[in-house]
Amino acid sequence: MKHRKKWLFFACAAAGGAAGALLAELVPNQGQGTLEVAVKVALWSAVASACITAGLFAAGERHLRRPFCAAVYRRALLVGALAGAIAGFAAQSVYAYFQPGSLWVDVFIRSFCWGVMGAILGARLSAAVPNLGLGRGVLAGGLGGVLGGLSFLVACLLLPELLGRVVGLAILGGALGLAVVAIEEAFRSASLEVIWGPGEATEVTIGASPVYLGGGSVDHVFVRGLPARALSVVLAGGRILCTNHTNGIENQLKDGSRIRAGVVELVVHAKTATAK
């Protein structure tokens, strides 16, 4: 199941990167003067980054089985465009003061700026992924951005121009997706497995912020047939607590605990120190 989540985030973000590279080709790439060139690079990066962000959010929404919500994608596109514009403008502005094509500029400066873009995206994604946390979101985004940015540069060097940008941005998006999942799993102490059916499950990190399950648009995990915020699971003081908000009953859970919630079964996975 864990590998399935990694591939979902990788595939959706990579597809967003490839689509972003193609759409960004519509942005004029010729300009007069340092400022005009920097603005056009910022626009190119904004388009590419917006598509990658939409792919990341699509992966998160699919993983949690949430119904389509246009507002989620509007916010994702806006934040992605802003992050890309900042990274692109900064990279081109710095590039203008150094020798074009130098190792320092191409490898360090540009990859650092991709890392900044990834960090901004990670910060935004942390609000959508239950208990990812702002710090871990920034770390995952920054790491994925730097590694993906280096891969982007290599792809652009080895492949023809357009193909290099498409492959490079696909790798960049995929790296961001994998980094988010890897960092989330590395720092979690407990998780909730939502079993939808044979061979179908979703794993959500349990932490200090309650994970809500129900049939409402506000729920982290959408379970059709349940009222909004029917259940919540939280890690508080080393204890895993599940509250049924329809009757107010609270139960303490441990590693291996199983709960039935409508059409799904919930299984708790916790490290020994947490499974009290």
Side-chain angles (χ1 to χ4, degrees), residues 1-2 4-6 8-9 56-57 59-67 69 71-72 75-76 121-141 179-197 200-276:
M1 302 302 174
K2 293 181 180 180
R4 187 174 300 174
K5 182 178 180 180
K6 286 187 176 75
L8 175 64
F9 272 75
L56 287 169
F57 272 78
E61 294 291 285
R62 174 70 185 110
H63 180 66
L64 298 175
R65 301 293 182 98
R66 289 166 55 85
C69 177
V72 169
R75 290 193 294 268
L121 299 187
R124 177 64 187 90
L125 196 63
S126 68
V129 177
N131 289 299
L132 174 60
L134 178 61
R136 290 190 290 273
V138 170
L139 174 62
V180 167
V181 178
I183 293 296
E184 179 193 7
E185 293 179 354
F187 286 93
R188 74 163 47 134
S189 57
S191 64
L192 185 69
E193 183 181 6
V194 184
I195 302 176
W196 307 94
E200 292 186 82
T202 294
E203 194 166 20
V204 185
T205 298
I206 302 173
S209 298
V211 176
Y212 288 97
L213 299 91
S217 60
V218 295
D219 290 296
H220 296 110
V221 181
F222 182 81
V223 182
R224 194 176 301 279
L226 291 181
R229 293 197 170 185
L231 293 173
S232 67
V233 182
V234 66
L235 178 60
R239 300 187 303 158
I240 301 174
L241 304 174
C242 176
T243 302
N244 185 328
H245 295 282
T246 61
N247 56 25
I249 296 177
E250 181 181 86
N251 291 304
Q252 183 175 334
L253 307 178
K254 60 181 182 179
D255 184 43
S257 293
R258 290 177 175 266
I259 308 169
R260 194 75 194 177
V263 297
V264 302
E265 185 178 18
L266 311 177
V267 183
V268 173
H269 301 283
K271 294 181 180 179
T272 303
T274 307
K276 296 182 179 179

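We number each residue from 1, following the sequence as shown.
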Next on the checklist: Run the side-chain contact (heavy atoms from CB on, under 4.5 Å) test on L241 and N251 for me, step by step, so that the C-alpha distance in whole Å, both residues' side-chain angles and the decisive distance to 0.1 Å come before the verdict.
Outcome noted: CA-CA 6 Å; L241 304 174; N251 291 304; over 6 Å; no
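- When all heavy atoms are compared, the tightest approach of A140 to A179 is O-CB, 3.3 Å.
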Next on the checklist: Test side-chain contact (heavy atoms from CB on, under 4.5 Å) on E61 and L64; report intermediate values, then the result.
Outcome noted: CA-CA 5 Å; E61 294 291 285; L64 298 175; 5.6 Å; no
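- Applying the side-chain hydrogen bond (donor to acceptor under 3.5 Å, both in side chains) rule to pairs touching residues 204-219 yields E184-T205, R188-T205, sequence neighbours excluded.
- Minimum interatomic distance between F9 and L56 (heavy atoms only, all atoms of both residues): CE2-O, 4.0 Å.
- Closest non-hydrogen pair, S126 versus L134, comes out as OG-CA, 3.7 Å.
- Nearest heavy-atom pair, H220 versus R66, reported as atom, atom and distance to 0.1 Å: O-CD, 3.5 Å.
- In terms of modelled atom types and a separation under 3.5 Å, the side chain of R136 and the main chain of N131 share a donor-acceptor contact.
- Using a cut-off of 4.0 Å between Lys/Arg side-chain N and Asp/Glu carboxylate O, E185 and K6 are scored as salt-bridged.
- Scanning for side chain to side chain contact (heavy atoms under 4.5 Å, CB included) contacts around L226 gives V223, A230, A261, with sequence neighbours left out.
- A salt bridge does not link R239 to E250: none of the charged nitrogens lies less than 4.0 Å from a carboxylate oxygen.
- Among residues two or more places apart in sequence or in another chain, the salt bridge (charged side-chain N to carboxylate O under 4.0 Å, His left out) test is passed with R62 by none.
- The two residues F222 and G215 make their nearest non-hydrogen contact at CE1-O, 3.1 Å.
- Atom CD1 of I240 sits about 8.5 Å away from atom CD of Q252, to the nearest 0.5 Å.
- Here the straight-line distance linking atom CG of N244 with atom CD1 of I249 works out to 6.5 Å at 0.5 Å rounding.
- Just one of L253, I259, V221 meets the side chain to side chain contact (heavy atoms under 4.5 Å, CB included) condition when paired with L266; it is I259.
- Here the straight-line distance linking atom CG of L192 with atom OG1 of T202 works out to 10.0 Å at 0.5 Å rounding.
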Checklist entry - Could you go step by step and tell me if V263 and R224 meet the side-chain contact (heavy atoms from CB on, under 4.5 Å) rule? => result CA-CA 8 Å; V263 297; R224 194 176 301 279; 5.8 Å; no
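- Pairing each heavy atom of D255 with each of H269, the nearest pair is OD1-CA, 3.4 Å.
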